Amino acid sequence: MRQFVEEDVVKRLRDPKTQRDAFGDVVAVYSEKLYWQIRKMVLGHEDANDILQNTFLKAWVNLDSFRGDAKLSTWMYKIAVNECITFLNRQRAINNVPLDDTDVYLIETLKADEYFDGDEIDEKLQKAISSLPEKQRLVFTMKYYDDMKYEDMSEILGTSVGALKASYHHAVKKIETFLTNDI
């Protein structure tokens, strides 16, 4: 694959002759990053793989609607986040899980995942993260794990930078409290 320059890739995505090739580059560049963002939200490997496929499928089908107002990476993350939220809401409905019991459902998913190889400390951290409200969990994982800029998160989540900073701060405090009370 040639060097990934977003402006060039966007031009190639708009040209029917180079569109498939360019989309292949998008998949190659964003697969791992999106997989881990999705995985941090849904915790299960198989679910994350399914959601990743749905993300790329949705991006391909809606390629003509990408206007280039936002960065391509932002657009891809937004699709992935929306797919995760849709998946989690569907799982809650199927399993009759109340909104405030999401952390229990996610932790059980994590424990049942044969690909989870975390130790006790990692499991505690995942429990702490899973206990956060959905928006705080999203903001925390994007900032803590991906070191994403608040401005990019703002475009993805449609929330002001100030509100995102506050969400991250509250998330960190809740995780600290969870971990210190759990000791």
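Each residue takes its place number in the sequence, starting with 1. Owing to the predicted nature of the structure, the values given are computational and were not obtained by experimental measurement.
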Got a second to check how far [X]'s [atom1] is from [Y]'s [atom2], nearest 0.5 Å?
| X | Y | atom1 | atom2 | answer |
| --- | --- | --- | --- | --- |
| Asp47 | Leu52 | CG | CG | 12.5 Å |
| Leu34 | Thr55 | CG | OG1 | 6.5 Å |
| Leu132 | His170 | CG | NE2 | 12.0 Å |
| Tyr144 | Ile129 | OH | CD1 | 7.5 Å |
| Met148 | Tyr168 | CE | OH | 13.0 Å |
| Lys149 | Lys143 | NZ | NZ | 9.0 Å |

Which heavy atom in [X] sits nearest to a heavy atom in [Y], and how many Å separate them?
| X | Y | result |
| --- | --- | --- |
| Val9 | Ala22 | O-CB, 4.0 Å |
| Glu155 | Lys78 | O-NZ, 3.6 Å |
| Met153 | Val139 | SD-O, 3.9 Å |
| Leu13 | Gln19 | O-NE2, 2.9 Å |
| Trp75 | Ala59 | CH2-O, 3.4 Å |
| Ile51 | Ala80 | CG2-O, 4.4 Å |

Taking it one step at a time, do Lys33 and Ser73 satisfy side-chain hydrogen bond (donor to acceptor under 3.5 Å, both in side chains)?
CA-CA 10 Å; Lys33 292 174 186 173; Ser73 59; over 6 Å; no

Count the heavy atoms of every other residue, nucleotide or ligand shown that sit under 6.0 Å from NZ of Lys58, and state whether that count exceeds 12.
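Result for NZ/Lys58: open.
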
For Arg14, look at atom CZ and say whether over 12 heavy atoms of other residues, nucleotides or ligands are found less than 6.0 Å away.
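Check passes, neighbour count above 12.
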
So Phe23 and Trp60, ring pair (Phe, Tyr, Trp, His ring centres under 6.0 Å) or not? Walk me through it.
CA-CA 8 Å; Phe23 196 75; Trp60 175 255; 5.1 Å; yes

Heavy atoms, side chains only, cut-off 4.5 Å: are [X] and [Y] in contact?
| X | Y | value |
| --- | --- | --- |
| Cys84 | Gln37 | no |
| Met142 | Ile156 | yes |
| Lys173 | His169 | yes |
| Phe66 | Val10 | yes |
| Tyr77 | Asp146 | yes |

Would you confirm whether Thr159, through its side chain, and Ser154, through its main-chain N or O, come within 3.5 Å as a donor-acceptor pair?
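Checked: no pair found.
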
Aromatic rings Tyr35 and His45: how do their planes relate, parallel, tilted or perpendicular, breaks at 30° and 60°?
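Because their plane-to-plane angle is over 60°, the rings of Tyr35 and His45 count as perpendicular.
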
Lys71/Glu6 salt bridge by N-O under 4.0 Å criterion
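The answer is no: the pair does not qualify as a salt bridge.
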
Cluster overlap Ile85 with Leu57, hydrophobic side-chain contacts below 4.5 Å:
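In one cluster with Ile85: Leu57, no.
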
